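Here's the structure, in structure tokens; my notes come after.
Only heavy atoms go into these numbers, but all of them, side chains included; no hydrogens, no water, no symmetry mates. Each ligand, and each atom within it, is numbered from 1 in the order the structure gives. This structure is a prediction, so every number in the text was calculated from the model and none was measured.
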Amino acid sequence: MASLGISISSVAGGRPMRSLASSPSCSNNNKPFASLHATRSLESSRAPFRLEISYDRRFSAELRRQPLAAARSGPVVAAAEPEPMKIMISGPPASGKGTQCELIKKKYGLVHIAAGDLLRAEIGAGTENGKRAKEYMEKGMLVPSEIVVMMVKERLLQPDAQEKGWLLDGYPRSLSQATALEDLRIQPDLFILLDVSEEILIERVVGRRLDPVTGKIYHLKYSPPENEEIAARLTQRFDDTEEKVKLRLKTHHQNVEDVLSTYKDVIFKAKETHCCVVKKGGAFINC
Ligand code: ADP
């Protein structure tokens, strides 16, 4: 049987780790067979944490297109190039989506598409869509689908994302957005859900700062800037205040279950119980 395997594990700076959980394999008639596996450190709350995906793509695009014909005609002699990997990542504000996306993007060469970044680019460019989007973003509400859906769809269909595969961050966030993708037969191989407690998220958000020169994200307490010069130029996202993050969290909880129901066959839940992720010596440390 043609199969596609996906396994996810967190690793601790090269040290051996104990397995905590593994989610069941999943398949249906149309989707590739995916097997998900997760491990994380039990050593201490300060253990390095890194989400890692190993992707075993034995599934051939040819078989995927013609499963019945292929099964009837015996072994496939020349398999087509495997299809590129498609991943969605979701989680509440400051759950670590950006951090994990950087790692996944670097390792697997996927095109990272973040709905929030697309919207902030529209705001920065001063477009009509950007002006409308900002009104909603300031209230911690979802931007209306008529703005977001086209924006994300167009980006997904660009050649780089089609060729290299994509990592879709913060989208879909509602049933209507998920349905819009389903209607276009755009489906992920894997849906990663980051799960972090509310208390931790608020602390992360209010201390989060951006260096506009390098694009690097800092945390005033857990990952402070290296020197005074950088500290002086750090900026804060307009919606990274305690008041606004509470609204964003409420919106996330109101919508997430609807989205999960669409992708229940390919979900991997990564539970993060620690307070902050910082980069130290190449590893990600919970502090
Ligand atoms: P966060 O994950 O912290 O909410 P994002 O950058 O992903 O940060 O999103 C910032 C804001 O952009 C959200 O609060 C929301 O207003 C808007 N937004 C992002 N993604 C979507 C989406 N898929 N649909 C509607 N609005 C979105």
Side-chain angles (χ1 to χ4, degrees), residues 87-102 104-105 112-125 127 129-156 161 166-184 186 188 191-210 212 215 217-219 235-260 262-263 270 272 276-277:
I87 299 178
M88 289 177 178
I89 185 162
S90 168
S95 53
K97 296 191 294 285
T99 303
Q100 300 306 335
C101 284
E102 277 306 305
I104 295 169
K105 186 175 80 173
H112 178 208
I113 302 171
D117 288 348
L118 295 179
L119 289 166
R120 281 184 286 276
E122 291 287 320
I123 296 174
T127 65
N129 275 345
K131 283 179 198 150
R132 271 193 72 202
K134 193 169 183 202
E135 288 170 26
Y136 291 86
M137 290 165 82
E138 280 182 330
K139 293 181 197 141
M141 290 164 68
L142 291 186
V143 172
S145 284
E146 73 258 22
I147 298 177
V148 191
V149 171
M150 279 305 287
M151 214 178 265
V152 173
K153 190 188 106 181
E154 278 171 15
R155 184 64 193 90
L156 279 173
W166 42 258
L167 171 60
L168 190 51
D169 167 1
Y171 190 96
R173 291 199 194 198
S174 66
L175 190 56
S176 71
Q177 292 179 4
T179 307
L181 289 185
E182 290 283 299
D183 290 346
L184 294 165
I186 297 177
F191 187 103
I192 300 171
L193 176 70
L194 302 180
D195 186 9
V196 185
S197 85
E198 198 148 305
E199 192 189 331
I200 290 169
L201 294 171
I202 292 172
E203 193 188 16
R204 280 188 193 171
V205 165
V206 295
R208 181 159 69 179
R209 296 291 183 277
L210 169 76
I217 303 283
Y218 291 90
H219 188 282
T235 58
Q236 187 175 23
R237 248 173 66 171
F238 66 85
D239 53 354
D240 268 357
T241 59
E242 181 162 353
E243 181 203 1
K244 283 181 183 145
V245 76
K246 284 184 175 161
L247 295 171
R248 283 154 64 201
L249 280 167
K250 195 170 159 211
T251 305
H252 170 78
H253 293 308
Q254 277 166 350
N255 293 295
V256 69
E257 292 303 326
D258 284 344
V259 175
L260 296 184
T262 308
Y263 301 109
E272 165 66 278
C276 183
V277 182

Just let me know how Arg237 lines up against ligand 1, side chain, backbone, both or neither, with a heavy-atom cut-off below 4.0 Å.
side chain
If we check side-chain contact (heavy atoms from CB on, under 4.5 Å) with Ser145, which of these qualifies: Val143, Leu142, Val149, Ile147?
Val149
What's the verdict on salt bridge (Lys or Arg N to Asp or Glu O under 4.0 Å) for Glu135 and Lys139, showing C-alpha distance, side-chain angles and the deciding distance?
CA-CA 7 Å; Glu135 288 170 26; Lys139 293 181 197 141; 5.4 Å; no
Could you tell me whether the side chain of Ile104 reaches within less than 4.5 Å of the side chain of Ile192, counting heavy atoms only?
yes
Indicate the atoms forming the closest heavy-atom contact of Leu194 with Gly96, along with that distance.
CD1-C, 3.6 Å
Is there any N or O on Pro92 that sits under 3.5 Å from an N or O of ligand 1?
no
Closest protein heavy atom (residue, atom, distance) for atom 16 (O) of ligand 1
Met141 O, 2.6 Å
The atoms of ligand 1 lying under 4.0 Å from a heavy atom of Lys97, numbered in the order shown, are 2 (O)
Within a distance under 4.0 Å of any heavy atom of Leu142, pick out the atoms of ligand 1 and give their elements.
25 (C), 26 (N)
Could you tell me whether a side-chain N or O of Thr251 sits under 3.5 Å from a main-chain N or O of Gly140, the two making a donor and an acceptor?
yes
Numbering as shown, the atoms of ligand 1 that approach Arg120 to under 4.0 Å (heavy-atom distance):
6 (O), 10 (C)
Taking side chain as C-beta onward, heavy atoms only, is Lys153 less than 4.5 Å from Tyr171?
no
Where is the nearest protein heavy atom to atom 25 (C) of ligand 1: which residue, which atom, and how far?
Val143 N, 3.2 Å
Between Arg173 and ligand 1, is there a nitrogen or oxygen pair with a distance under 3.5 Å?
yes
With the side chain counted from C-beta on, respond yes when Pro188 and Leu168 share a heavy-atom pair under 4.5 Å apart, and no when they do not.
no
Using a 4.0 Å cutoff against the non-hydrogen atoms of Gln177, which atoms of ligand 1 qualify?
22 (C), 23 (N), 24 (N), 25 (C)
Are any of the N or O atoms of Pro93 closer than 3.5 Å to those of ligand 1?
no
Would you say CD of Glu146 has more than 12 non-hydrogen atoms from neighbouring residues, nucleotides or ligands within 6.0 angstrom?
yes
Those atoms of ligand 1 less than 4.0 Å from some heavy atom in Leu119
12 (O), 17 (C), 18 (N), 19 (C), 27 (C)
Close-contact set for ligand 1 against Gly170 heavy atoms, below 4.0 Å:
20 (N), 21 (C), 22 (C), 23 (N)
Taking the side chain as every heavy atom from C-beta outward, state whether Asp169 and His112 have any atom pair closer than 4.5 Å.
yes
Of all the non-hydrogen atoms in the protein, which one sits nearest to atom 14 (O) of ligand 1, and at what distance?
Arg248 CG, 3.6 Å
Between Val148 and ligand 1, which part of the residue brings a heavy atom under 4.0 Å of the ligand: side chain, backbone, both or neither?
side chain
With a 4.0 Å cut-off, would you call Asp240 and Arg248 a salt bridge?
yes
Quick one: does Pro172 get an N or O within less than 3.5 Å of an N or O on ligand 1?
no
Give yes or no for whether the N/O distance cutoff of 3.5 Å, strictly under, is met between Tyr171 and ligand 1.
no
Judged by non-hydrogen atoms, does Lys139 sit under 4.0 Å from ligand 1?
no
Is there side-chain contact between Leu181 and Met88, with at least one heavy-atom pair below 4.5 Å?
yes
Region of Met137 engaging ligand 1 - heavy atom pairs below 4.0 Å
both
